[in-house]
Student: 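I'd like to ask some things about the structure below.
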Amino acid sequence: MAKTDSTGSTWRYRWAHRQNERRQRAFRAADEAWRRRDEELRRLRTLAVSFHGSAQAGVGLPMELAPGEVVFWTLPAAQLVEVRHTAVLPAPELTVDPDPPVLRPRRPEGVKVVDAGLAVLTNRRLVLLGGRGRRDWAYGRMTGLSHDPGAPVTLIQVLDRRRTSGLLLPTGAAADFRFTLTLAFADAIEQRAAVVAELDELIAEHTAARPERPAVLTPAQARVTALVPGGRRTVAVGAALALIVPAMLIESNPPTRAGSERAAAATPAASVTPAPPQHVAPAVQVRPTTSPEPSRARPAPPQPPPERRCGAPANPFGYDFCGGQRIRRPAAGVCEWFECVPGFWSDRGWLVQCRDGSVSRTGGERDVCAGHKGFRRTVWR
């Protein structure tokens, strides 16, 4: 038998059940994404503390290691690239990207592939053993380093080479390569502790941002707006229209009392008995300097303009469809106000709305809004 409240209705229980299920799904997705990121950060910290390379890893390589030189990382599918128009690259930094961008297997414009072979990272240098020879980038002579944010390309400038060159890697290996290169460069300048300290700070920030389990809603918390199709969105739009329309009507045509002119015409003029003349001083007639304003009804005070949302649902975060900044890290309660897609928190792009009305974190990715009729528009802040 279905549960009912004191009025005999069951809609409150259905509302509470739906809301609790939706909140639990959003929490599980967010918690799963948080756990994956936490494991990755802790793996990188363990690597930064304990991994110091191995001299045995260089056995069999067609290159000779210098005394004290150890191998950190190797990859047989690297391509050597050069830049046609050289620009000054930023100086190498000991930074760890907390949210690596989504890379695509493409070659940026102005970059050409000149060779391919085995890439070797040591604690002294980066080496490409290609079919046309060997290319070395010694950390001690490195003046510029740049990782492309959209492609798996890393460009390097050194003192003894005029043309900027670098490596084009498979997309799946780019993140590990970039972190290992940062670690190797830190080792070369004796600053590995700085990388560990940055990872400790990222782990602390990530721990503080752990999703909280939502409170369980009860049938008593259901509002009558839940019975209206569209819920709070429909009520908010109706309230905005109720404020805007009367203000527009008042501004365009001030209200007059219906029938006032007919009533004045139908009323006979009252007979007034003239008063006896009195001996008084003649009044001085004063002409006004400005013409008097015609009497009219006082307009109602202007209503405040509605909040700018451009069709977005009312929300406390200021998210809209009008324009501004992309949202890569939406607020924890965004799914309370927007309809989020399943697995919302597992994506890493910016916030977008799909054609079926749901929102997704796949902005900037190749499969944006896949399974939800495609991309419609960006959500801004």
Side-chain angles (χ1 to χ4, degrees), residues 40 43-83 89 91-97 100 103 105 107-108 111-148 151-196 199:
E40 176 65 11
R43 182 186 73 85
L44 294 179
R45 189 190 184 282
T46 302
L47 187 65
V49 171
S50 61
F51 183 68
H52 294 278
S54 170
Q56 297 299 324
V59 176
L61 294 177
M63 61 177 286
E64 184 179 352
L65 299 179
E69 186 175 13
V70 294
V71 175
F72 275 6
W73 181 89
T74 60
L75 181 70
Q79 293 178 303
L80 174 65
V81 296
E82 291 184 347
V83 181
L89 299 182
E93 297 180 353
L94 302 179
T95 57
V96 179
D97 191 352
L103 303 179
R107 178 164 49 87
V111 174
K112 63 177 181 178
V113 177
V114 296
D115 201 355
L118 173 68
V120 181
L121 260 174
T122 76
N123 60 336
R124 303 263 182 97
R125 54 185 168 162
L126 169 62
V127 182
L128 178 76
L129 304 172
R132 297 183 179 180
R134 192 179 76 181
R135 180 71 59 93
D136 289 37
W137 296 271
Y139 305 141
R141 305 185 65 82
M142 192 181 296
T143 61
L145 176 67
S146 176
H147 301 299
D148 193 293
V153 172
T154 295
L155 297 177
I156 306 171
Q157 285 177 337
V158 290
L159 289 173
D160 54 355
R161 191 175 299 118
R162 294 182 56 187
R163 179 167 293 184
T164 300
S165 57
L167 295 181
L168 171 62
L169 305 170
T171 55
D176 281 343
F177 165 75
R178 293 177 179 184
F179 176 75
T180 309
L181 178 60
T182 300
L183 200 60
F185 181 76
D187 247 15
I189 61 175
E190 299 181 354
Q191 291 293 326
R192 182 186 284 245
V195 179
V196 177
L199 285 168

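Quick note: numbers below take in every heavy atom, side chains included, and nothing from hydrogens, waters or symmetry partners. Everything numeric in this text was worked out from a predicted model, so none of it was measured.
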Student: Of all the heavy-atom pairs spanning Ala174 and Leu169, show the shortest one and how long it is.
Tutor: CA-CD1, 4.4 Å
Student: What's the spacing between Leu155 CG and Ser165 OG if we round to 0.5 Å?
Tutor: 8.0 Å
Student: Could you check whether any side-chain heavy atom of Leu168 comes within less than 4.5 Å of a side-chain heavy atom of Pro152, counting everything from C-beta outward?
Tutor: yes
Student: For Leu94 and Ile189, run side chain to side chain contact (heavy atoms under 4.5 Å, CB included): C-alpha distance rounded to whole Å, both residues' side-chain angles, the deciding distance at 0.1 Å, then the answer.
Tutor: CA-CA 10 Å; Leu94 302 179; Ile189 61 175; 4.0 Å; yes
Student: Taking all heavy atoms of Trp73 and all of Ala173, pick out the closest pair and write down the distance.
Tutor: CZ2-O, 4.3 Å
Student: Of all the heavy-atom pairs spanning Val158 and Ala138, show the shortest one and how long it is.
Tutor: CG1-O, 4.3 Å
Student: Checking the side chain of Arg132 only, and the main-chain atoms of Val114 only, is there a donor and an acceptor separated by less than 3.5 Å?
Tutor: yes
Student: Measure from the side-chain N and O atoms of Arg192 to the backbone N and O of Val196, and report whether any donor-acceptor pair falls under 3.5 Å.
Tutor: no
Student: Looking at side-chain heavy atoms only, is the closest gap between Thr95 and Thr182 below 4.5 Å?
Tutor: no
Student: Among Asp176, Leu121, Leu167, find the residue that satisfies the side-chain contact (heavy atoms from CB on, under 4.5 Å) test when tested with Leu181.
Tutor: Leu121
Student: Identify the heavy atoms of Arg124 and Ala66 that sit nearest to each other, and give their distance.
Tutor: NH1-CB, 3.8 Å
Student: Measure from the side-chain N and O atoms of Asn123 to the backbone N and O of Ala188, and report whether any donor-acceptor pair falls under 3.5 Å.
Tutor: no
Student: So Phe72 and Phe51, would you call those rings parallel, tilted or perpendicular, with 30° and 60° as cut-offs?
Tutor: tilted
Student: Any donor and acceptor pair, going by atom type alone, linking the side chain of Gln157 with main-chain N or O of Leu89 inside 3.5 Å?
Tutor: yes
Student: Between Arg163 and Glu82, does any NZ, NE, NH1 or NH2 come within less than 4.0 Å of an OD or OE carboxylate oxygen?
Tutor: yes
Student: Measuring from Leu118:CG to Met63:CE, what's the distance to the nearest 0.5 Å?
Tutor: 9.0 Å
Student: Check the pair His52 / Val70 against side chain to side chain contact (heavy atoms under 4.5 Å, CB included), numbers first and verdict last.
Tutor: CA-CA 8 Å; His52 294 278; Val70 294; over 6 Å; no
Student: If we only count heavy atoms from C-beta on, is the Thr154 to Arg178 side-chain gap below 4.5 Å?
Tutor: yes
Student: Decide yes or no for Phe179 and Leu47: does some side-chain heavy atom of the first lie under 4.5 Å from some side-chain heavy atom of the second?
Tutor: yes
Student: Can you tell me how far the OG1 atom of Thr180 sits from the CG atom of Leu126, to the nearest 0.5 Å?
Tutor: 11.0 Å
Student: When rounded to the nearest 0.5 angstrom, what is the spacing between NZ in Lys112 and CG in Leu80?
Tutor: 10.5 Å
Student: For the residue pair Leu145 and Ile156, what are the closest heavy atoms and their distance?
Tutor: CD1-CG1, 3.7 Å
Student: Nearest 0.5 Å please: distance from the CZ atom of Arg161 over to the CZ atom of Arg135.
Tutor: 5.0 Å
Student: Identify the heavy atoms of Asp115 and Gly131 that sit nearest to each other, and give their distance.
Tutor: OD1-N, 3.2 Å
Student: Roughly how far, to the nearest 0.5 Å, is the CZ atom of Arg125 from the OH atom of Tyr139?
Tutor: 9.5 Å
